[in-house]
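Heads up, the thing below is written out as structure tokens.
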Amino acid sequence: MGIRLSGFTYDRVAVGDVRLNVATAGSGPPIVLLHGFPQTHLVWRHVAADLARDHRVICLDLRGYGNSDKPVDDGAAYTKRTYADEIVELMRSLGHLRFALAGHDRGGLIAFRAGLDHPDAISHLAILDVLPAADMWATLHGTAGVFAFHLYLLAQPTDLAERMIRADPDLFFGHFLDGWSRTPGAIPPDIRAEYLAAASDPDAIRALCADYRASAQIDNVHDEADRAAGRRLTMPVTALWQDPGAATLPFDPAAIWSEWAPDLRTEAVQCGHFLPEEAPTAVITALRNLID
């Protein structure tokens, strides 16, 4: 796992019980970019380079992913609340008490939780192609949810999924990298190989399952408690998602996000799931419209 973001400085930063692989560049108002499954911080390579022209950009491998530590845990260490607390603590250690935050996929779930739990720290919030855990579990049902089978597999309370994935990790993770992308060449061979090498590590497989297990068993409970308490995101929010073309999503992202974010901008982007790689210009534009 040797590919790095050009022009970025790398450090392994101790935060609580883990050391995180962190890449930084640029100067100006800070923004943190969080990746998703089954990737690493490299998903932001196009977006990060542009933003670093006039922002302090911080990209990292989430705990359990890439070159960051992967604690052994059945899920509690991988709740989105744990991740969110970690991001805020990381930024404080870097001298930033307030910052913008953007997350794709799993990173979007973490960004959402950070916005709810740490409103004083998050100035602006962008969430790409994901729904809050509570809404995700509530909307994915019937045959329309077949595309999200992995949510149920990885959340199993035993090591069933881990053992299945270890039998052929390249086939498993490659299925998502190839099937979820609609833009030819968006994930070039060297980046794809980097993602597969990172995700196929046995410790990473265990951690990824713990991440999804936490979403089903704990994050969902946190979200429902916040919904019942009437908690909402108080900062400006941008929600982006893929436009599936002739197909239709089994939910209305704009309607769901409007319940959580009073100050909301939304946009459907004509690409697949990997927005930062498939449509970086659209993502850059949306982020700059939000934070600049």
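Basis for what follows: all heavy atoms, side chains included, without hydrogens, waters or symmetry-related copies.
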Worksheet item: Thinking salt bridges, do R182 and E278 make one under a 4.0 Å N-O criterion?
Response: no
Discussion item. For residues 21-35, which residue pairs pass the salt bridge (charged side-chain N to carboxylate O under 4.0 Å, His left out) check, not counting sequence neighbours?
Written reply: none
Fill in: R81/D117 ion pair, N-O < 4.0 Å
yes
Fill in: Distance-only polar pair, side chains of Y10 and N67, donor-acceptor under 3.5 Å
no
Item to complete: Tell me whether the centres of the aromatic rings in W44 and F8 are closer together than 6.0 Å.
Response: no
Discussion item. For P71 versus V18, what's the shortest heavy-atom pair and its separation?
Written reply: CG-CG1, 3.5 Å
Fill in: Working for side chain to side chain contact (heavy atoms under 4.5 Å, CB included), residues L42 and L5
CA-CA 7 Å; L42 294 176; L5 298 178; 3.9 Å; yes
Residues 146-160 side chain polar contacts: donor-acceptor under 3.5 Å, at least two apart:
| from | atom 1 | to | atom 2 | distance (Å) |
| --- | --- | --- | --- | --- |
| Y152 | OH | L140 | O | 2.9 |
| Q156 | NE2 | Y152 | O | 2.8 |
| T158 | OG1 | L160 | N | 3.2 |

Worksheet item: Going by an N to O cut-off under 4.0 Å, is there a salt bridge joining R113 and D85?
Response: no
Worksheet item: Is there a donor in the side chain of T139 and an acceptor in the side chain of D135, or the other way round, less than 3.5 Å apart?
Response: no
Worksheet item: According to the salt bridge (charged side-chain N to carboxylate O under 4.0 Å, His left out) rule, which pairs have a member within residues 248-270, sequence neighbours left out?
Response: R227-E259
Discussion item. Between L109 and I127, does the side chain to side chain contact (heavy atoms under 4.5 Å, CB included) criterion hold? Intermediate values first, please.
Written reply: CA-CA 8 Å; L109 297 178; I127 300 173; over 6 Å; no
Worksheet item: When you check the gap from the basic side-chain N to the acidic O, do D69 and R12 get nearer than 4.0 Å?
Response: yes
Fill in: Minimum-distance pair of heavy atoms, taken over all atoms of D105 and F37
OD2-N, 2.9 Å
Item to complete: Check whether L62 and I3 end up in the same hydrophobic cluster, where Ile, Leu, Val, Met, Phe, Trp and Tyr are linked by side-chain heavy atoms less than 4.5 Å apart.
Response: yes
Discussion item. For residues F112 and I218: do they belong to one hydrophobic cluster (side chain heavy atoms under 4.5 Å, members Ile, Leu, Val, Met, Phe, Trp, Tyr)?
Written reply: no
Worksheet item: Thinking salt bridges, do R192 and E277 make one under a 4.0 Å N-O criterion?
Response: no
Worksheet item: So does M235 have more than 12 non-hydrogen atoms from other groups sitting under 6.0 Å from CE?
Response: yes
Got a list of side-chain donor-acceptor pairs under 3.5 Å for residues 92-101, not counting sequence neighbours?
| from | atom 1 | to | atom 2 | distance (Å) |
| --- | --- | --- | --- | --- |
| S93 | OG | L90 | O | 2.5 |
| R98 | NH1 | D120 | O | 2.9 |

Worksheet item: Could you give all pairs that pass the side-chain hydrogen bond (donor to acceptor under 3.5 Å, both in side chains) test and reach residues 230-240, with sequence neighbours left out?
Response: D226-R231
For residues 284-292, dump all side-chain donor-acceptor pairs below 3.5 Å to protein atoms at least two apart in sequence or in another chain.
| from | atom 1 | to | atom 2 | distance (Å) |
| --- | --- | --- | --- | --- |
| T285 | OG1 | T281 | O | 2.9 |
| R288 | NE | D50 | OD1 | 2.9 |
| R288 | NH1 | D54 | OD1 | 3.1 |
| R288 | NH1 | D54 | OD2 | 3.2 |
| R288 | NH1 | D292 | OD2 | 2.9 |
| R288 | NH2 | D50 | O | 3.0 |
| R288 | NH2 | D50 | OD1 | 3.1 |
| R288 | NH2 | D54 | OD1 | 3.0 |
| N289 | ND2 | T285 | O | 3.3 |
| D292 | OD1 | H55 | NE2 | 2.6 |

Worksheet entry | Charged N-O contact under 4.0 Å between D211 and K80 | yes
